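Data block below; observations after.
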Amino acid sequence: MWLRLPLDACVRRTHTWRSARTMTRISVVDMAAMADGREGQLRVAQALSKAFADTGFAVVTSTPVPEIALAQLRRSAMDFFHQPLAEKQMVNEGSAPGYGSSPYCRLEENGAQLLGDFTKPDDLVESLTYRPHEGLERLPDRPPELRPAVQEFGERVARFREVLNCACDLALGQDEGFFASKCGKGREALRLAFYPDLEEGATLLDGQMRYGEHVDSFGLTILNLDPANPEGLQVQIGEEWVDVPWVKGSFVLNVGALLSRWTNGYWKAAVHRVLFKRGQRLSIVSGALRPDDDVMLEPCGPGALAGEKFAPVRAGDFCQERVALHRPSYLQQKQLDAEAAQRLSEDIRSYRQ
Ligand SMILES: O=C(O)CCC(=O)C(=O)O
Ligand SMILES: [Fe+2]
């Protein structure tokens, strides 16, 4: 029965954000039908799968995360980032330095390295990362509104993950509960990314971005753009850079390298970047479908029929390496000669699907 319904019943195309030659290829998917029983779920699943196989990106509306929870989190995160540097750094006491270890990072990420490019300046971003298994007390206690806002968001996004697990089971023809069983240990982090404005008289370094050209690392990225300043995010489609459209109350979903590999390349980890635009910008970044560390990634879904394109890898090992790649010191710490560095760079690029 569901096969006869037009796919476009829950997908609409929007015009690209401002400049556009034509209509954007990025799908906007209304997820409301996930509450409508099997028929509606299948329609959403199909629409998402089509988007992930085509561009690797989808903009989704009618999610279980209400705008009020986003607004509260956004407000308290902004208050955190607006504090003096020394105050922000206090949250790092007792943790090893660097992205992946210390919760607060300032100019300590280099997105381009995720595509094996070690020549680009570091990104113009500050971030605060929260890993739920570390407990809410690992977050700063100032502003006092931050912890409750993170908790509230966490509960809502957990429900969103369940919905995405269900949609992706259906989309890839997996047994019900497949993704929930592989991703049950709560490995998803919340990353608040603050992009400051340029100070008076300051200039960008040559090639510097808010986030350099990269592919994400894990399962599905769940990204909430800043309604006050949503511009700057672009995805590469063929030879063209396409603006990701901003839709009120929406999330952007995009496929990470791990999930692309897990689907044997059926879903694409698309290259994207965040250009510098004037004004501050805050992104709320979380994820879904990140497998537990001990899961071995073996191809699943329709792509598996094409025969294994990648060596099986343990999810925890894959993710650990990807986190390390963000750090500006990554290459230096490897102590490689030029030839080995080149080989490594090509290896990393091949994660791209
Ligand atoms: O802030 C954004 O718009 C996207 C950031 C991004 O691509 C990332 O954090 O992986
Ligand atoms: Fe990204």
Side-chain angles (χ1 to χ4, degrees), residues 16-18 24 26 52 55-60 70 73-74 77-78 81 99-100 103-117 120 122-131 157 188-197 208-237 241-247 250-260 267-290 319 322-327 348 351-353:
T16 40
W17 179 256
R18 294 235 176 108
T24 181
I26 298 171
F52 295 156
T55 64
F57 269 70
V59 173
V60 295
L70 290 165
L73 180 56
R74 195 166 279 293
M78 274 297 194
F81 286 111
Y99 182 81
Y104 171 69
C105 291
R106 181 176 173 277
L107 308 177
E108 289 175 67
E109 295 170 59
N110 190 308
Q113 294 187 172
L114 294 165
L115 272 179
D117 183 348
K120 294 291 191 300
D122 297 335
D123 298 318
L124 206 56
V125 65
E126 295 178 37
S127 62
L128 178 67
T129 300
Y130 169 61
R131 295 174 196 83
V157 83
E188 309 289 357
L190 165 65
R191 181 170 158 275
L192 301 164
F194 174 67
Y195 305 94
D197 200 355
Q208 192 171 34
M209 299 203 186
R210 286 191 146 163
Y211 224 81
E213 199 173 316
H214 67 285
V215 297
D216 287 353
S217 297
F218 309 132
L220 281 179
T221 298
I222 300 179
L223 166 70
N224 182 250
L225 296 176
D226 192 333
N229 197 355
E231 287 185 76
L233 178 60
Q234 295 189 319
V235 55
Q236 194 173 35
I237 302 179
W241 284 103
V242 174
D243 295 323
V244 174
W246 180 74
V247 178
S250 72
F251 281 87
V252 177
L253 300 179
N254 64 286
V255 176
L258 179 148
L259 183 57
S260 181
W267 284 351
K268 303 202 169 49
V271 177
H272 57 286
R273 64 186 185 186
V274 186
L275 300 179
F276 180 80
K277 304 271 173 180
R278 288 314 302 251
Q280 301 180 344
R281 183 176 183 275
L282 186 119
S283 290
I284 300 174
V285 192
S286 188
L289 273 78
R290 175 169 168 170
C319 292
R322 294 290 297 180
V323 170
L325 263 172
H326 286 79
R327 296 183 202 129
I348 295 166
Y351 290 162
R352 178 189 167 179
Q353 274 306 301

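Each ligand, and each atom within it, is numbered from 1 in the order the structure gives. As the structure is a computational prediction, the values presented were derived from the model and not from experiment.
The two atoms that bring E109 and Y211 nearest to each other are OE1-OH, 2.6 Å, heavy atoms only. Shortest non-hydrogen contact noted between F218 and R322 is CE2-CB, 4.4 Å.
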### Task
Applying side-chain contact (heavy atoms from CB on, under 4.5 Å), run through L73 and L192 and close with a yes or a no.
CA-CA 9 Å; L73 180 56; L192 301 164; 4.2 Å; yes
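Of the N or O atoms in R281, one or more lie within a sub-3.5 Å distance of an N or O in ligand 1.
Within the 4.0 Å heavy-atom criterion, neither part of V252 lies near ligand 1. If you look at D216 next to ligand 1, the close heavy atoms, those under 4.0 Å, all belong to the side chain.
Remark: minimum distance from atom 4 (C) of ligand 1 to any protein heavy atom is reached at V274 CG2, 3.6 Å. When hydrogens are left out, the protein atom nearest atom 9 (O) of ligand 1 is R191 NH1, 3.0 Å; that is the closest non-hydrogen contact. Closest to atom 5 (C) of ligand 1 among all protein heavy atoms lies Y195 OH, 3.4 Å.
Using a 4.5 Å heavy-atom cutoff, the side chains of L233 and W246 are not in contact. Residues V274 and R281 meet the side-chain proximity criterion, which asks for heavy atoms closer than 4.5 Å. Put simply, the side chain of N229 does not reach to within 4.5 Å of the side chain of Q280, judged on heavy atoms. Residues L115 and K120 are not in side-chain contact: their nearest non-hydrogen atoms beyond the backbone lie 4.5 Å or more apart. Looking at heavy atoms from C-beta onward, H272 lies in side-chain contact with N254 at the 4.5 angstrom threshold. Inter-residue side-chain proximity for Y104 and F81 is flagged as met; some heavy-atom pair is nearer than 4.5 Å.
For H214 atom NE2 and H272 atom NE2, the angle they make at the Fe ion (ligand 2) is roughly 90°, to 10 degrees.
Not close to ligand 1: R273, with no non-hydrogen atom less than 4.0 angstrom away. Residue contacts with ligand 1: H214 is included, with a non-hydrogen atom under 4.0 Å away.
When each atom of ligand 1 is checked for a heavy atom of L225 under 4.0 Å away, the hits are 3 (O). In summary, the atoms of ligand 1 found under 4.0 Å from a heavy atom of S283, numbered by their order in the structure, are 1 (O), 2 (C), 3 (O). Contact atoms of ligand 1 toward H272: 7 (O) (distance under 4.0 Å to a heavy atom of the residue).
The N, O or S atom of D216 lying closest to the Fe ion (ligand 2) is OD1.
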